[in-house]
Amino acid sequence: MNQPSAPVPGPALLQLLDSSDAAWIVTDTQYRTCQVNAGFERLFGWSAQEAIGQRPLQLLQADPQHAPLPAHVQEALDRHGRFCGDVQLLHRDGHAIWVAAAINRLPQSGEAMVFTDITFSKRFEALQKQALEDAAHERPLPQLLHSLCRDVERIAPALAVGVLQVDDQGCLHPLACPSLPRAALERLDGMHSAPDMGACSAAAFLAQPVTDADLRQGPPQLQGLQQSLVDAGLLACWASPIFNHDRQVIGVFALYFREPRSPNALHHRIAQTCIHLCTVAMERERSRERIHQLAYYDPLTQLPNRCMFHRSATDALYAAQGRAGALLFVDLDRFKLVNDSQGHAAGDALLCEVAQRIRAAARPGDVLGRLSSDEFALLLPHCSAAEAETVARRLLERIAEPFTIGDAVNIPHASVGICAYPEDGTDIHTLLRHADQAMYIAKQQGRQRWQRFTPAINQFTQDRVAMEHALRAAMHNGQLQLHYQPQVLSSQPERLHGVEALARWKHPEWGYVSPLRFIAVAEDAGMIQEFTSWVMESACRQLAAWRADHVEVPQVAINLSTKNFHEPQFAQSVADVLRRHGLTAKDLVLEITESVMLDASPATLANLDALHRLGLQLSLDDFGTGYSSLSYLHRLPISELKLDKSFVQDLSNSVAAEALIRSVLSIARSLHMKVVGEGVETAEQRQWLQQQGCPVLQGYLFCRPLAPEALVTWLRGGHTQPPLTALAAPAAPATAYDPGI
């Protein structure tokens, strides 16, 4: 018995369908093609005669043995009698075509299919995705934009694409112009933006798109530039400005045509998308450069910071190859008195003046840096011990010259520790430690003195040995405790984000011992694994106890040492502690330092990967004070950045600190990372961070670190701040090793 066939459209309808760019297909009740329009032939390359009697999607798929319809298409038709969605099919010659498909099953009549070509849109989406991934992975800006231009030219072969940078003086510089002739690029490089110097220059000057529909009719002053373009077959140009977030023109995006013309809707779409991608890439590059500058140089004195000093000094020692050298460790005397009596502005002025004086005393080839608040270091390559003592004496005299701050005359003084290379140490860490010890002895002898490190200076070593024994005993007799400092949501400071666990030690004779001292002892004495185990066990036990008592603490953050990651089973030990106390991965935040990022040892990498797979949250502490390589942020499973408190505390008097924090917040947002601002002590700091969108805050303004019972009281309203209400733990915070204060 013959099956009824699908109705055949009338002549008028066929004429209308044939004029459409979309491919139309009608099947019979056996779902075999019985009618196609001319658009089908144009889109897929199959003639109507070849298509009749074939199952459409089987004809247009790579494997003729495929089912008549892809599974998800078949399921939609069986359930709903229709399918709408994107499908990738094949042209007769084998190249892929993306189509928007609309298929309707007609009762007793087969199916009607409409396919609209969306290949360009799909390729353009892929272009956008690739450009954003390149930006996130820190691909060099010229390479990223060169690829962007080439991708656009592949999608739209009739175009040549160029991206130019506009510097602070308004001059143009080719950044990525792969299809423009060299002669044109040479003429464009350094050209001042002006309204009558061609489309690119005018777009930069006028801050709006400019069209030059026929380059053959340009002004005389541009004859050389435009002739070189015309000789290369480029006859028209449409240029659009690229803006930064402050609406300043930072670049120009240009489309060159191979015929005299103006842009159409497609060109506007290309430009709109590409300008956005260029803005993201160029702003990211500027932020990266700014962060690099701020990360390696002290914003106050403009001297290399501790990180940069370490790197430069290490290079200098390597170049010295064992030849004599010396290190001077300089610490200002009574600097805190200046800050307290004359204010921080006076203290900053003093630091800048002292930095200049130390710089003036340095010889060519010496390595100078600011290590911390009032500590400086000067490495003297190719310098004997006797010469180093002469330099130290001259340096103390120069520092002690009178200096006027406001109406007050100050006579700065300093103490200097000297150690010799290679006798007193062969690496910069050892030299700094020994010079620091010698400086401390100099300060104790009456200040404004210098002291050479000798084996006789062993007080620090004795103190360390005594503290090591006492610390081992303290870990077993209950002298160590954990205090907890709240972290609150910036948008709702009354809500608790979590707490950070900080170790406290009250010795029976010494009283409270600084964590900076006893954690350093634990590191040096090889006790850090045991110490970290105690911290983690205590913190998880406390969190479990709070949960049992219905005290809502969403999560606890624990500081880790780089050496923890050298233990092959460290990740497993973390998982065991959580399981032992009935906690989950989201209850714990592990704070690491940038030194962990730089540690490429197999054990460290394996532990990082294992912790990530367990769902543990990793946070990068003191971000911006060390290496701060953006490349590590996307390669390692970091989900949170902690702004170092020094930047937060410098907000009131440092434009550089503001710029750094803005840059870090911008990069964190683009990488979907949370940011915790540490050291918030004033309402002004809180307000500024809130305005910049820093999501989590921590500091004395909200609460000092508290013992567990005191924290419960504080949470339940027994404090001067508004009562805190705990929230559910967020998806992904993490931190870094910091002994706390």
Would Glu552 and Arg547 pass as an ion pair if we require N to O under 4.0 Å? no
Ignoring hydrogens and geometry, is there a side-chain-to-backbone donor-acceptor pair from Gln690 to Ser490 under 3.5 Å? yes
Contact summary for Leu175 and Leu145, nearest pair of heavy atoms: CD2-CD1, 3.3 Å
For the residue pair Val87 and Ala101, what are the closest heavy atoms and their distance? CG2-CB, 4.2 Å
Minimal non-hydrogen separation, Ser262 against Thr211, with atom names: OG-CG2, 4.0 Å
Is any side-chain heavy atom of Thr27 closer than 4.5 Å to a side-chain heavy atom of Cys34? no
To the closest 0.5 Å, what do you measure between CG (Leu77) and CG (Asn104)? 8.5 Å
Between Met191 and Ser201, the two heavy atoms sitting closest are SD-CB, 3.9 Å
The single option from Val166, Leu164, Ile250, Val249 that satisfies side-chain contact (heavy atoms from CB on, under 4.5 Å) with Ile242 is Ile250
For the residue pair Ser287 and Arg662, establish whether any side-chain heavy-atom pair is separated by less than 4.5 Å. no
Are any side-chain N or O atoms of Asp212 and backbone N or O atoms of Ala236, one a donor and one an acceptor, separated by less than 3.5 Å? no
When you compare the side chain of Tyr31 with that of Glu111, does any pair of heavy atoms fall below 4.5 Å? yes
Give a yes or no on whether Gln272 atom CD has more than 12 heavy-atom contacts from other residues, nucleotides or ligands under 6.0 Å away. no
What are the two closest non-hydrogen atoms of Ser573 and Phe570, and how far apart are they? OG-O, 2.5 Å
Closest non-hydrogen atom pair between Ala160 and Glu153, with its separation: CA-OE2, 3.4 Å
Check whether any side-chain N or O of Thr33 sits under 3.5 Å from a backbone N or O of Arg55 as a donor-acceptor pair, and report yes or no. no
The single option from Ile275, Thr273, Thr279 passing side-chain contact (heavy atoms from CB on, under 4.5 Å) against Leu277: Thr273
Got a donor-acceptor contact below 3.5 angstrom from the Asp246 side chain to the Gln248 backbone? no
Could you label the plane-to-plane angle of the Trp238 and His268 rings as parallel, tilted or perpendicular, counting under 30° as parallel and over 60° as perpendicular? tilted
Are Pro140 and Gln143 side-chain neighbours, meaning at least one heavy-atom pair lies under 4.5 Å? yes
Take atom CZ of Arg92 as the centre, draw a 6.0 Å sphere, and report whether it contains more than 12 heavy atoms from other residues, nucleotides or ligands. yes
Test side-chain contact (heavy atoms from CB on, under 4.5 Å), reference Phe205, set Cys200, Pro241, Pro195, output is Pro195
Mind checking whether Tyr256 and Val161 have side chains closer than 4.5 Å, heavy atoms only? no
Going by heavy atoms in the side chains, are Leu665 and Leu641 under 4.5 Å from each other? no
Note, Leu590 side chain near Leu611 side chain (heavy atom, < 4.5 Å): yes
